[in-house]
Asker: 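Dumping the structure here so I can ask a few things about it.
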Amino acid sequence: MILRLRTREELARWRARLAPGAALGFVPTMGALHAGHQSLVVAARRECDAVLASVFVNPLQFDQRDDFERYPRTEDADCELLHASGADAVYLPAAADVYRPGAAARVLPGPAGADFEGRLRPGHFAGVLTVVLKLLQRARPHRAYFGEKDAQQLFLVRELVADLDVPVAIRPCPTVREADGLALSSRNARLDAAARAQAPVLFRALRAAVALYAAGERRPPALEHGMRTVYAAAGIIPDYAAVVDDATFLAPQDGAGADAGAWRAITAARIGGTRLLDNLALAAC
Ligand code: PAF
């Protein structure tokens with residue numbers, strides 16, 4: 001069985017026992033693990049001498065109390081999956097181990113965190129970046145692994161380590177999908193049969209933008225319209241269906257980057273009460 005570390009002191013002792021010079025790979029998660037997380041651990045195992053995961057449902061990044069409380073907690077199954085995927089240890093702190101009473105300092109995202117998830121979930125990215133920085137400082141990994149599914153989060157984490165001189169290499173890992181294109185997410189467990197049948201609409205909308213782009217379309221509003229048309233046919237109004245420049249995570253400037261294939265289609269939608277998000281690079285496929 002995998003070693004379970006419950007406190008920052010246990011984590012520090014485990015970290016101190018690693019062989020000098022051993023490369024540590026770190027996979028931060030909120031649990032309810034699936035094959036997407038597994039692929040992050042497998043990548044870390046391939047590239048590093050030791051692999052640490054964390055499972056912490058971070059209260060700071062939830063803007064809705066109810067969403068935090070309903071977030072699935074499946075510790076034993078998570079530990080089994082982490083062990084089977086090759087992790088050596090998992091840090092499973094309680095909130096009181098992570099945040100001292102009254103802790104008020106936050107890491108704030110820059111302009112790239114203002115729109116999309118940042119606009120729809122006030123405080124979300126400050127919560128994510130604050131906990132990611134704390135976990136990186138405690139684990140002191142050489143490499144940390146993040147899924148591309150949460151593209152805006154990944155972008156902001158990269159800015160965090162670059163702007164605050166955090167000595168870690170961020171390793172992005174491709175989104176893992178079901179056969180019908182639905183991106184794996186811990187939230188998929190909440191979809192009932194009808195919602196599960198509707199959920200691939202996000203992928204279909206993104207594919208519509210990719211197809212338009214492949215046919216030469218370079219006007220962001222036209223690419224976005226293509227996505228919205230797919231949603232409309234399914235009777236769904238997305239939270240957003242947008243095109244961003246991969247270099248800034250902002251709306252592309254006229255023509256800039258388009259021919260270099262540096263644009264990304266991103267979307268989020270509520271399907272049967274569950275909020276899902278996904279993205280595809282427009283150069284893909
Ligand atoms: O992507 C997640 O699961 C979370 O946002 C993270 C990075 C573990 C921070 O809580």
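Here the structure is a predicted model, which is why all the values come from computation and not from measurement. Computed from heavy atoms alone, side chains included, the values below leave out hydrogens, waters and symmetry copies. Counting starts at 1 for both ligands and their atoms, following the listed order.
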Asker: Out of H37, Q61, H124, who is nearest to atom 4 (C) of ligand 1 when you count heavy atoms only?
Answerer: Q61

Asker: Are H225 and E217 side-chain neighbours, meaning at least one heavy-atom pair lies under 4.5 Å?
Answerer: no

Asker: Does E69 come within less than 4.0 Å of R65, counting only side-chain N to carboxylate O?
Answerer: yes

Asker: What's the shortest distance from atom 7 (C) of ligand 1 to any protein heavy atom, and which residue and atom give it?
Answerer: Q153 NE2, 3.6 Å

Asker: Would you indicate whether the side-chain heavy atoms of Y213 and R218 approach each other to under 4.5 Å?
Answerer: yes

Asker: Could you tell me whether N58 and ligand 1 have an N or O pair separated by under 3.5 Å?
Answerer: no

Asker: Decide whether an N or O pair under 3.5 Å exists between T29 and ligand 1.
Answerer: no

Asker: Indicate yes or no for a side-chain donor-acceptor contact from S85 to the backbone of V41 under 3.5 Å, with no hydrogens or angles considered.
Answerer: no

Asker: Check whether Y99 forms a cation-pi arrangement with R8 (NZ or CZ under 6.0 Å from the six-membered ring centre, at most 45° off the ring normal).
Answerer: no

Asker: V131 heavy atoms, cut-off 4.0 Å: which ligand 1 atoms fall inside?
Answerer: 9 (C), 10 (O)

